[in-house]
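Atoms considered below: every heavy atom in the structure, side chains included; atoms not considered: hydrogens, waters and symmetry mates. Order of the sequence lines fixes the chain letters, A, B, ..., with proteins taken first and strands second; residue numbering starts at 1 for each chain.
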Number of protein chains: 4
Amino acid sequence: MARQELTERAPGTERIQRKRGKRVKEIVETAAELFGEHGYDAVSLDDVAERLDVTKGSLYYYFPSKEELATAAIETLGDEWTARLERLAEQHEGGHAGLLRTLLHEHITIAVRDYPAALRLFLVPRAWPTAQADRIKELRGRHDAVFRRVIEAGVDAGEFTVTGVDTTLQCMHAAMAQSPLWCARLRGKARGNAISELTETLMMLVGQPPRTG
Amino acid sequence: MARQELTERAPGTERIQRKRGKRVKEIVETAAELFGEHGYDAVSLDDVAERLDVTKGSLYYYFPSKEELATAAIETLGDEWTARLERLAEQHEGGHAGLLRTLLHEHITIAVRDYPAALRLFLVPRAWPTAQADRIKELRGRHDAVFRRVIEAGVDAGEFTVTGVDTTLQCMHAAMAQSPLWCARLRGKARGNAISELTETLMMLVGQPPRTG
Amino acid sequence: MARQELTERAPGTERIQRKRGKRVKEIVETAAELFGEHGYDAVSLDDVAERLDVTKGSLYYYFPSKEELATAAIETLGDEWTARLERLAEQHEGGHAGLLRTLLHEHITIAVRDYPAALRLFLVPRAWPTAQADRIKELRGRHDAVFRRVIEAGVDAGEFTVTGVDTTLQCMHAAMAQSPLWCARLRGKARGNAISELTETLMMLVGQPPRTG
Amino acid sequence: MARQELTERAPGTERIQRKRGKRVKEIVETAAELFGEHGYDAVSLDDVAERLDVTKGSLYYYFPSKEELATAAIETLGDEWTARLERLAEQHEGGHAGLLRTLLHEHITIAVRDYPAALRLFLVPRAWPTAQADRIKELRGRHDAVFRRVIEAGVDAGEFTVTGVDTTLQCMHAAMAQSPLWCARLRGKARGNAISELTETLMMLVGQPPRTG
DNA sequence: GATGAATGAGATTTCATTCAT
DNA sequence: AATGAATGAAATCTCATTCAT
């Protein structure tokens with residue numbers, strides 16, 4: 001019996017890994033959704049499990065604790081999100097204002113359309129265990145860097161005016177994190193307009209007058 | 001029986017009421033402090049009771065549930081807060097920009113110095129019972145109105161430029177709600193500077209170029 | 001100071017006692033009502049106090065504990081009740097059937113009209129402390145005795161037929177105790193009819209055919 | 001993928017369901033026992049859990065609240081009880097008096113011997129949530145119907161005499177509900193005699209003279 | 001006589017976590 | 001891979017009782 005187990009170890013490991021990855025992603029996204037919606041403490045693993053239509057026990061197969069699940073949610077989302085923004089920044093041609101506008105618009109769109117409520121995970125300042133807090137800080141840093149680079153470049157080029165880059169970044173981030181709440185009830189064109197309006201308003205933070213709609 | 005009339009009907013009712021009010025205020029303020037600091041879910045009634053140096057049971061003598069206590073805390077804070085801003089607005093003389101700057105500065109100062117965590121109570125989207133949700137919404141309305149009036153007046157006077165008043169308000173509030181987090185580690189002069197910098201940055205949202213520090 | 005108290009002991013003691021007696025009676029009746037309605041455990045002293053529009057503390061001025069209050073309720077009610085029935089029995093002239101019918105009718109009337117729900121106190125078998133249990137048993141005995149005497153006399157006279165006097169008594173008592181529940185929703189004539197019908201039905205327990213209404 | 005079809009979709013679901021059902025039954029029966037013995041309020045979930053040798057938490061795995069557990073207990077008991085009486089009624093051959101006597105005897109026997117305290121759950125007028133109150137009322141209705149049918153049939157056949165069917169039913173039930181109290185201290189033959197005596201006494205409520213023991 | 005305040009023991013309920021299968 | 005069951009610590013809430021005034 002013991003010997004059997006030794007031989008039967010690795011059949012189709014790859015496909016299994018892929019499947020596992022998909023499952024993990026499902027869980028993480030659902031968790032992020034719920035945590036973002038109600039806050040970490042107000043969401044029980046039962047809630048997460050129920051929305052996924054699995055049992056609580058299953059969650060523990062994929063994650064060793066509730067905290068790790070939340071961290072994974074933040075990490076995964078943050079990673080993907082940042083990657084999308086970084087790609088955009090690389091491809092972009094044109095002035096700093098154009099790039100910043102593009103980044104803001106994309107960021108808000110993702111927040112509102114793809115991961116409503118997920119961003120709040122970054123905001124709600126829970127006392128994470130240090131290991132996880134560090135990881136989160138790093139992510140936040142990478143994320144911030146995308147915007148920071150454009151803004152600093154714009155300032156250097158004399159295109160942007162700011163009181164302080166950090167403060168500007170914080171304001172942008174805070175507003176974008178709340179955006180899903182404001183846009184939650186809008187659909188279709190109205191939502192698109194709201195996103196554009198928010199983008200233009202945030203552009204003012206670097207001294208760019210709003211473009212006429 | 002006739003003699004009874006000489007005695008006052010409700011003896012000492014007033015003083016008792018005052019005393020009760022004072023106690024309630026103590027409790028509410030302590031609660032607000034803790035809730036604001038750690039969030040609604042992270043604070044147990046034991047925590048509140050312990051800081052007040054009474055037993056859990058006593059809290060229930062004054063409030064029928066944790067939720068009601070939290071609502072009271074929010075209400076008290078919001079009330080006082082708004083009142084302070086309204087007073088400022090009334091007294092102010094001078095242009096719209098000056099008033100808005102004053103309001104923003106005061107708001108951030110209160111948030112950072114006096115109630116370093118209270119704003120989160122308004123933000124974290126907990127599913128309050130409707131009775132309480134309504135009360136909170138009303139508070140936010142009053143609070144919003146203070147800022148809305150200045151901005152609309154400034155726009156009408158041609159002093160301010162905005163893409164949309166609602167959006168502008170939302171961005172301001174989002175940023176201010178986060179401010180205690182950014183300033184938490186700062187003290188003394190550094191903190192004052194941070195507050196001023198944030199104020200100036202937010203002034204840009206209505207098209208006012210930052211004043212040179 | 002101590003001396004003063006010795007001299008000031010008894011001014012108008014009598015009137016005070018009477019007043020006290022009235023207050024006690026009010027409390028006892030309200031308590032009996034509530035206990036009978038919802039059961040001893042389901043009623044809190046707060047409930048009693050609120051219906052009386054006094055504070056919980058006041059109840060403790062008159063009764064040393066919840067249990068004593070309940071006992072007092074049972075005792076007072078039982079005492080008065082039994083006294084009324086005993087008086088009726090003494091005055092009565094005529095046959096055994098007539099007396100039993102009168103007693104049943106009166107008993108049910110009191111139960112339904114004067115103390116709805118109070119009788120259940122005797123039924124709900126709580127584990128009273130023995131001191132109080134004894135007192136209750138005695139009361140119950142005196143109460144039972146009124147009916148027992150008529151029934152035994154009737155049986156001896158050959159007027160009544162029963163399988164066993166105890167059993168008959170128990171059935172009567174059980175039915176009468178529930179009667180307020182059945183008649184609670186009836187008013188005026190309808191209630192009078194219901195009481196009469198119940199009386200006639202119980203008369204059958206001693207072999208008396210129902211009188212045509 | 002094709003292989004999956006060979007495996008059953010919900011593996012062992014049936015056995016699990018059966019096991020769960022068994023567990024639920026164990027809990028419900030233990031609960032019914034305790035609630036019946038001491039009353040709803042006097043029994044804590046700790047009591048139930050301890051007798052089952054599990055923790056409180058486990059009970060909440062099966063029932064969402066104490067009230068639901070109690071309702072389930074009542075329902076289970078009532079269901080089984082009524083079913084037993086209905087079966088008896090179906091099988092019975094002979095006159096109405098014989099059937100009624102059988103039903104009464106069986107009912108009292110169950111009450112006294114099998115569920116020595118369950119009836120109180122039906123009697124003590126607790127304010128159940130309406131959903132559950134309805135279910136209980138329905139149960140009582142079914143239960144009542146068994147007796148009502150015999151009595152009405154007997155009356156129609158001229159075998160029985162009653163003042164009113166409802167009143168008669170109420171008296172019978174009131175007496176039977178108390179029976180466990182009266183017989184609690186009796187054992188063996190004495191108990192059997194008490195049950196028979198009570199049965200005969202209740203037969204008098206429909207005008208049937210007692211059979212000589 | 002009566003009240004408001006406070007207490008503390010105990011009840012119900014929640015939930016992250018573990019484990020056998 | 002996943003589940004159902006169980007646990008236990010901690011949270012919310014209730015309430016009889018005490019006490020200073």
Side-chain angles (χ1 to χ4, degrees), chain A residues 16 19-20 23-24 41-49 52-69, chain B residues 10-13 15-17 19-20 23-24 41-49 52-69, chain C residues 16 19-20 23-24 41-49 52-69, chain D residues 10-13 15-17 19-20 23-24 41-49 52-69:
Chain A
I16 287 174
K19 208 169 171 184
R20 180 185 170 92
R23 200 93 186 85
V24 164
D41 295 285
V43 172
S44 77
L45 287 186
D46 269 315
D47 296 332
V48 180
L52 281 163
D53 203 33
V54 299
T55 60
K56 229 188 323 187
S58 304
L59 297 183
Y60 275 89
Y61 179 74
Y62 292 100
F63 297 94
S65 73
K66 189 187 177 186
E67 251 167 10
E68 294 272 353
L69 173 55
Chain B
T13 291
R15 204 175 349 172
I16 287 172
Q17 281 306 321
K19 208 168 174 183
R20 183 186 174 92
R23 197 92 185 84
V24 165
D41 298 281
V43 172
S44 79
L45 288 186
D46 265 318
D47 297 333
V48 180
L52 282 162
D53 202 35
V54 297
T55 58
K56 254 178 308 184
S58 301
L59 298 183
Y60 279 90
Y61 179 70
Y62 293 97
F63 296 93
S65 72
K66 188 186 178 185
E67 252 170 6
E68 296 260 1
L69 173 55
Chain C
I16 287 174
K19 207 167 169 188
R20 181 186 169 90
R23 199 91 186 87
V24 164
D41 294 286
V43 171
S44 77
L45 286 187
D46 269 316
D47 296 333
V48 180
L52 281 163
D53 202 34
V54 297
T55 58
K56 231 189 322 186
S58 304
L59 297 182
Y60 275 89
Y61 179 75
Y62 292 101
F63 298 94
S65 74
K66 189 186 177 186
E67 250 167 10
E68 294 271 355
L69 172 55
Chain D
T13 290
R15 205 179 343 174
I16 287 172
Q17 281 305 321
K19 208 168 175 183
R20 182 185 176 91
R23 197 87 184 88
V24 165
D41 298 282
V43 172
S44 78
L45 288 185
D46 265 318
D47 297 333
V48 180
L52 282 162
D53 203 34
V54 297
T55 58
K56 257 177 306 182
S58 302
L59 298 182
Y60 279 88
Y61 180 70
Y62 293 97
F63 295 93
S65 72
K66 187 185 178 187
E67 249 168 11
E68 295 260 2
L69 173 55

Hey, is the main chain of B:V43 close enough, under 3.5 Å, to the side chain of B:K66 for a donor-acceptor pair?
->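 A pair under 3.5 Å: yes.
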
Does the pair D:K56 and D:D47 meet the rule for a side-chain contact (heavy atoms from CB on, under 4.5 Å), with working shown?
-> CA-CA 9 Å; D:K56 257 177 306 182; D:D47 297 333; over 6 Å; no

Mind checking who [N] pairs with, Watson-Crick or G-U wobble, both distances under 3.5 Å?
N: F:dT12; answer: E:dA11
N: E:dT17; answer: F:dA6
N: F:dA1; answer: none

Whole angstroms only, please: what is the [atom1]-[atom2] distance between [X] and [N]?
X: C:D47; N: F:dC15; atom1: CG; atom2: P; value: 7 Å
X: A:D46; N: E:dA16; atom1: CG; atom2: C1'; value: 9 Å
X: B:E68; N: F:dT12; atom1: CD; atom2: P; value: 15 Å
X: C:F63; N: F:dT17; atom1: CZ; atom2: C1'; value: 16 Å
X: C:E67; N: F:dT17; atom1: CD; atom2: P; value: 7 Å
X: C:D41; N: E:dG10; atom1: CG; atom2: P; value: 16 Å
X: C:Y61; N: F:dA20; atom1: OH; atom2: C1'; value: 16 Å
X: D:Y60; N: E:dA16; atom1: OH; atom2: C1'; value: 18 Å

To the side chain of A:K66, which of E:dA5, E:dA16, F:dA5 is closest?
->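 Selected nucleotide: E:dA16.
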
Hey, could you give me the CZ/OH distance between D:R20 and D:Y61, rounded to the nearest 0.5 Å?
->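 With rounding to 0.5 Å, CZ (D:R20) is 5.5 Å from OH (D:Y61).
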
Calculate, to the nearest 0.5 Å, the distance between atoms CG and OG belonging to B:L45 and B:S58 respectively.
->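 B:L45 CG to B:S58 OG: 11.5 Å, rounded to 0.5 Å.
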
Counting any heavy atom closer than 4.0 Å, what does [X] reach on the DNA or RNA strands: base, sugar-phosphate only, or nothing?
X: D:K56; answer: base
X: A:V43; answer: sugar-phosphate
X: B:S58; answer: base

May I ask you to evaluate whether B:R23 reaches the phosphate of E:dG4, defined as a side-chain N or O under 4.0 Å from OP1 or OP2?
->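 Looking at the OP1 and OP2 atoms of E:dG4, neither is under 4.0 Å from any side-chain N or O of B:R23.
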
Would one find a side-chain N or O of B:R20 under 4.0 angstrom from OP1 or OP2 of E:dA5?
->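 So the side-chain polar atoms of B:R20 do come within 4.0 Å of the phosphate oxygens OP1 or OP2 of E:dA5, strictly under.
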
Trace of the side-chain contact (heavy atoms from CB on, under 4.5 Å) decision for B:L52 with B:L59 | CA-CA 10 Å; B:L52 282 162; B:L59 298 183; 3.9 Å; yes

Between B:P64 and A:Y62, which has a closest nucleotide on DNA chain F that is more 5'?
->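 Closer to the 5' end of DNA chain F: A:Y62.
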
How do D:G57 and C:T55 order along DNA chain E: which one's closest nucleotide is nearer the 5' end?
->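 Nearest-nucleotide comparison on DNA chain E picks C:T55.
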
Which residue lies more 5' along DNA chain E, comparing C:L59 with D:L45 via nearest heavy atoms |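 Checking each residue's closest nucleotide, the 5'-ward one belongs to C:L59.
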
